[in-house]
Amino acid sequence: MALRDVLQFPDPRLKKISEPVGEVTDEIRELARDMIDVMYDEPGIGLAAAQLGVSIRMFVIDTEWSDEEIGQHPRVVINPEIADREGRITWEEGCLSVPDYNAVVERDATITLRGTDLDGKPIEERAEGLRAVCIQHEVDHLDGILFIDRISRLKRSLFVKKRKKQLAEERD
Ligand code: K1U
Ligand code: ZN
């Protein structure tokens, strides 16, 4: 199985705003399958199409799969919208497109996610804790926003400096 590459910061394609999905084509179904494979392989608990360089409003999520008793239950969400936000929560986030870096981000604590699945069936999910954090992180990807855009300017510039050094060392 050939896995697609995850785009890495500072790839400019991560800053693009993704387009809504109209008809679900075979190409989109295949992309969704590839996204699920990449998410488990990385490993991660979510992945947005934008991270594979496809600017459409679709993400996959499975926040509990690393618990062996629960197992894998990937959810594909198309044209996600977040409604009914309540409370605030802080969580230490990572990102498959931002290597070797974690930071605490403040987000909405409880949300309602709306969207559709690959069969066009409506999705409505109330989420809290890590699940709510991950959904907001994935929707941010579709709007060209990374979690490092939600930390202090000082922390972000320290990260950018570290990343530039890392990339220069990789080139040498
Ligand atoms: O979108 C992404 O880059 C995936 C990212 C999602 C995320 C993680 C944590 C907080 C918010 C959003 C990841 O999956 S990073 C890897 C990770 O957190 C993880 C991987 C394996 C098991 C458990 C967690
Ligand atoms: Zn991410």
Side-chain angles (χ1 to χ4, degrees), residues 1-9 11-89 91 93-99 105 107-147 149-150:
M1 171 183 61
L3 290 165
R4 302 195 202 197
D5 291 331
V6 178
L7 301 184
Q8 302 286 291
F9 178 89
D11 192 308
R13 288 171 288 178
L14 290 167
K15 300 297 299 171
K16 284 174 71 174
I17 296 184
S18 294
E19 297 290 335
V21 175
E23 188 196 350
V24 176
T25 60
D26 287 347
E27 200 183 340
I28 289 176
R29 285 177 199 286
E30 192 182 331
L31 173 64
R33 274 195 300 271
D34 288 354
M35 287 167 63
I36 291 167
D37 290 343
V38 170
M39 175 178 70
Y40 291 133
D41 183 74
E42 279 286 327
I45 54 172
L47 190 75
Q51 291 176 279
L52 297 187
V54 185
S55 303
I56 62 167
R57 301 190 79 80
M58 176 166 80
F59 71 80
V60 296
I61 186 167
D62 190 352
T63 41
E64 293 179 324
W65 69 270
S66 59
D67 183 332
E68 278 177 23
E69 280 179 22
I70 296 174
Q72 297 184 343
H73 299 283
R75 171 161 247 186
V76 179
V77 187
I78 293 172
N79 297 333
E81 302 282 346
I82 295 173
D84 305 331
R85 303 160 184 268
E86 262 173 53
R88 298 294 282 167
I89 190 173
W91 206 282
E93 299 190 20
C95 178
L96 301 177
S97 297
V98 181
V105 177
R107 297 195 186 266
D108 299 312
T110 309
I111 56 158
T112 302
L113 166 70
R114 295 206 179 96
T116 53
D117 68 13
L118 287 168
D119 299 318
K121 228 174 81 197
I123 288 172
E124 181 165 319
E125 177 183 335
R126 189 101 174 125
E128 58 183 20
L130 174 61
R131 183 104 178 158
V133 167
C134 189
I135 289 167
Q136 291 169 78
H137 178 114
E138 299 312 328
V139 173
D140 267 358
H141 274 302
L142 306 184
D143 291 325
I145 298 167
L146 297 174
F147 80 99
D149 299 321
R150 296 195 179 276

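Values below: every heavy atom of this structure, side chains too, minus hydrogens, waters and symmetry copies. This one's a predicted model, so the numbers in the text were calculated from it and none came from an experiment.
Looking at heavy atoms from C-beta onward, I135 lies in side-chain contact with E125 at the 4.5 angstrom threshold. Counting only heavy atoms from C-beta outward, the side chains of E86 and D108 never approach each other to under 4.5 Å. In this structure, Y40 and P74 have side chains that are in contact, with non-hydrogen atoms separated by less than 4.5 Å.
The heavy-atom pair separating G44 from W65 by the smallest distance is O-NE1, 2.9 Å. Considering all non-hydrogen atoms of both residues, A109 and A132 come closest at O-CB, 3.5 Å. The minimum heavy-atom distance linking L142 with A48 is given by the pair CD2-CB, 3.9 Å. Closest heavy-atom contact between F147 and G94: CE2-C, 4.0 Å. Considering all non-hydrogen atoms of both residues, M35 and A49 come closest at CE-N, 3.3 Å. In terms of heavy atoms, F9 sits closest to L14 at N-CD1, 3.7 Å.
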### Query
Taking it one step at a time, do Q51 and L7 satisfy side-chain contact (heavy atoms from CB on, under 4.5 Å)?
CA-CA 5 Å; Q51 291 176 279; L7 301 184; 5.6 Å; no
### Task
Start with the C-alpha distance between R131 and I61, add both sets of side-chain angles, then the distance that settles side-chain contact (heavy atoms from CB on, under 4.5 Å), and finish with yes or no.
CA-CA 9 Å; R131 183 104 178 158; I61 186 167; 3.8 Å; yes
### Query
Between D26 and R29, does a side-chain contact (heavy atoms from CB on, under 4.5 Å) hold up when you go through it step by step?
CA-CA 5 Å; D26 287 347; R29 285 177 199 286; 4.2 Å; yes
### Test side-chain contact (heavy atoms from CB on, under 4.5 Å) applied to L47 and L52, step by step
CA-CA 9 Å; L47 190 75; L52 297 187; 4.1 Å; yes
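The neighbour count for Q72 CD, taken as heavy atoms of other residues, nucleotides or ligands under 6.0 Å away, is above 12. Other residues, nucleotides and ligands contribute over 12 non-hydrogen atoms within 6.0 Å of the CG atom of D119. More than 12 heavy atoms of other residues, nucleotides or ligands lie within 6.0 Å of CD in E42, so this atom counts as buried by the packing criterion. Taking a 6.0 Å sphere around NZ of K16, one finds it holds 12 or fewer heavy atoms contributed by other residues, nucleotides or ligands.
Comment: D11 engages R13 in a salt bridge, judged by a side-chain N to carboxylate O separation of less than 4.0 angstrom. With respect to E93 and R107, a salt bridge is recorded, a charged nitrogen being found less than 4.0 Å from a carboxylate O. Salt bridge D62/R75: absent, no basic N to carboxylate O contact under 4.0 Å.
For the atom pair D41 CG and L3 CG, the distance stands at 4.5 Å (nearest 0.5 Å). Atom NE2 in H141 sits 12.5 Å away from atom OG in S55 (nearest 0.5 Å). Interatomic distance, I78 CD1 to T116 OG1, rounded to the nearest 0.5 Å: 5.0 Å. Between the OG1 atom of T112 and the CD1 atom of I82 there is a distance of 9.5 Å, given to the nearest 0.5 Å. Within the model, atoms CD1 of I45 and NE2 of H137 stand 8.5 Å from one another, a figure rounded to the nearest 0.5 Å. Separating the CD1 atom in I111 from the CD atom in Q136 is a distance of 5.0 Å, to the nearest 0.5 Å.
The one candidate from V76, T25, V54, I36 that meets the side-chain contact (heavy atoms from CB on, under 4.5 Å) condition with L31 is V54. The one candidate from R150, K15, R57 that meets the salt bridge (charged side-chain N to carboxylate O under 4.0 Å, His left out) condition with D143 is R57.
In this structure a side-chain-to-backbone donor-acceptor pair under 3.5 Å is missing from E81 to N79. In this structure a side-chain-to-backbone donor-acceptor pair under 3.5 Å is missing from E124 to G115.
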